[in-house]
Amino acid sequence: GEQTGIELAKIWQSRPGVRFADPDMLLPHTRWESRFNDPLFLSQWYHESLDTELLYQLSTGNPDVYVAVLDSAIETTHPEFANAIKAPLDVYGNDDDPNPVPGEYCRDLGDESLCDEHGTAVAGIAVAQANNEEGIVGLCPECSLIPIKLLGDFYAPLSGDVRAFEHAIDNGAWVINNSWGYSDYMPVADTLRSVIVRASTQARDGRGAVVIFASGNEDREIFDDELAAIPEVLAITAVDNYGNPVPYTNTGAPVDIAAPSATVSTSIEGGYTQNFGGTSAAAPVVSGVAALILSIKPELTSEEVRTLLIESAKKDGRVSFDENGHHNTYGFGLLSPEGIVNALYPPAEEPE
């Protein structure tokens, strides 16, 4: 009778002098391709180090989720933000154009000058579009962006900071990213504290917006009366691609979560940068993930999102956390998409 390939292979395998005998089989092959066609996606090491794919299997965002970025100028015409811009504002120009002004806030670097790309880079980390065959993929690539120009010259009035938050609240922000602070130790003024608390507790029809602050890059301890220490705020420190804290990150009891300092992002004139960094680049990673969580579960309050991010964070085994699970540099741990997915959809209990 006829023998199958498997039977023949077994016969041949037992014969002296035969090293290998495999049946010829039709096997399913696949190309290991990314779900995204954005050419710089693979150089965004922070996607891989976080394993953001676990979240993207659930959602790549929702245009109804508005992420407000309070920062320096933001290039609203950048292809990565096409069709995503909502309610733009320049606090100081007192108009709806937060775009960079050519030649403004430029540093001379010898042959070339670096002009203000900070706000554009922060916004890109949070919400740059996916699958537009262009550049990068933001953490919440289908979310919308409220770009608010808040920073310019070294000195800026407190009233502008307050107005920026009021604008975010009035225009339906779900997440408010702040990759800025004061250059020296500064207690928060009551007017600013109260508008931040209002954003966190009353915005979004009473569910609150998730307010996120970078912890700062001065290599110092944060005191409990500063911006990042407001209890309704998530304070973010930065780690590098090895999971080590960046050497200049601020630390202290108010720190909530560590996140990768996302070095690859959008830049001005429709371009991209490979060397953004600092806690400024870590905060929008968390903001984008918070926006993704709200895209998946829009009914969550801001407090529930903050709690979820903190409780799902991953502890670094190389350092010890205190009895409350806190470390002054890592906070309650490293941002963890795996932990978030398990918290949103707990693995089924094993039957007894």
Side-chain angles (χ1 to χ4, degrees), residues 30-61 67 80 121-143 175 177 179 212 214 234 236-247 249 257-267 271-293 295-296 308-309 312-319 329-345 347:
T30 185
R31 293 181 181 85
W32 292 119
E33 289 181 304
S34 159
R35 67 168 58 232
F36 302 121
N37 62 24
D38 308 68
L40 292 177
F41 175 67
L42 293 175
S43 67
Q44 291 176 271
W45 57 268
Y46 45 97
H47 280 296
E48 188 179 355
S49 74
L50 287 169
D51 202 358
T52 51
E53 173 61 24
L54 294 170
L55 289 170
Y56 293 141
Q57 287 171 6
L58 301 176
S59 174
T60 48
V67 179
E80 295 283 22
V122 168
I125 293 165
V127 299
Q129 281 183 347
N131 286 326
N132 57 349
E133 298 186 348
E134 182 106 36
I136 64 164
V137 175
L139 270 294
C140 194
E142 291 189 50
C143 288
V175 178
N177 187 86
S179 290
I212 288 165
L234 272 178
I236 313 302
T237 53
V239 297
D240 63 19
N241 52 346
Y242 301 107
N244 297 315
V246 294
T249 191
I257 301 176
S261 177
T263 49
V264 183
S265 191
T266 41
S267 185
Y272 296 88
T273 175
Q274 304 279 342
N275 52 13
F276 194 53
T279 60
S280 278
V285 172
V286 181
S287 291
V289 169
L292 266 187
I293 291 169
S295 300
I296 297 162
L308 170 63
L309 286 164
S312 64
K314 187 175 171 184
K315 300 281 196 269
D316 189 313
R318 297 172 296 177
V319 295
T329 305
Y330 286 97
F332 293 96
L334 183 66
L335 177 70
S336 171
E338 182 183 12
I340 291 164
V341 171
N342 289 338
L344 289 172
Y345 301 100

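Remember, predicted model here, so these are calculated numbers, not experimental data.
Shown here for Val67 and Ala291, the closest heavy-atom pair between the two residues is CG2-CB, 3.6 Å. For Pro39 against Glu133, the heavy-atom pair with the smallest separation is CD-C, 3.7 Å. In this structure, Leu308 and Ile293 approach most closely via the heavy-atom pair CD2-CG2, 3.7 Å. Residue Gly243 comes nearest to Asp316 through the heavy atom pair O-OD2, 3.9 Å, listed as atom of the first residue, atom of the second, then distance. Closest approach of Val175 to Ile212, counting heavy atoms only: CG1-CD1, 4.3 Å. The heavy-atom pair separating Pro284 from Val122 by the smallest distance is CB-O, 3.4 Å.
With Tyr46 contributing its side chain and Thr52 its backbone, the two residues share no donor-acceptor pair below 3.5 Å. Judged by distance alone, the side chain of Ser43 and the main-chain N or O of Leu40 form a donor-acceptor pair under 3.5 Å. Here the side chain of Ser280 pairs a donor or acceptor atom with the backbone of Ser179 at under 3.5 angstrom. Remark: side-chain polar atoms of Asn131 are paired, donor with acceptor, to backbone N or O of Asn37 under 3.5 angstrom. Counting only distance, with no hydrogens or angles, the side chain of Thr237 and the backbone of Thr329 share a donor-acceptor pair below 3.5 Å. The main-chain N or O of Gly278 is found under 3.5 Å from a side-chain atom of Ser261 such that the two form a donor-acceptor pair. Judged by distance alone, the side chain of Lys315 and the main-chain N or O of Phe332 form a donor-acceptor pair under 3.5 Å. Between the side chain of Thr279 and the backbone N or O of Ala214, no donor-acceptor pair lies under 3.5 Å.
A distance of 12.0 Å separates OG1 of Thr60 from CG of Leu139, quoted to the nearest 0.5 Å. Here the OH atom belonging to Tyr330 is positioned 4.5 Å from the CZ atom belonging to Arg318, to the nearest 0.5 angstrom. Between the CD1 atom in Ile125 and the OG atom in Ser287 there is a gap of 10.0 Å [rounded to 0.5 Å]. The distance from the NZ atom of Lys314 to the CD1 atom of Ile340 is 12.5 Å, given to the nearest 0.5 Å. To the nearest 0.5 Å, the span separating CD1 on Ile257 from CG on Leu309 amounts to 4.5 Å. Rounded to the nearest 0.5 angstrom, Ile136 CD1 and Thr266 OG1 are separated by 5.0 Å.
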Quiz prompt | Verdict with reasoning, Gln44 to Phe41, per side-chain contact (heavy atoms from CB on, under 4.5 Å) | solution = CA-CA 5 Å; Gln44 291 176 271; Phe41 175 67; 3.7 Å; yes
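For the pair Ser312 and Asn342, the minimum side-chain heavy-atom distance is 4.5 Å or more. Put simply, the side chain of Asn241 does not reach to within 4.5 Å of the side chain of Ser49, judged on heavy atoms.
Within a 6.0 Å sphere centred on CD of Glu338, heavy atoms belonging to other residues, nucleotides or ligands number 12 at most. For Glu53, the CD atom counts as densely surrounded, since its 6.0 Å shell holds more than 12 non-hydrogen atoms of other residues, nucleotides or ligands.
Classification of the His47-Tyr56 ring pair by plane angle, with boundaries at 30° and 60°, yields tilted.
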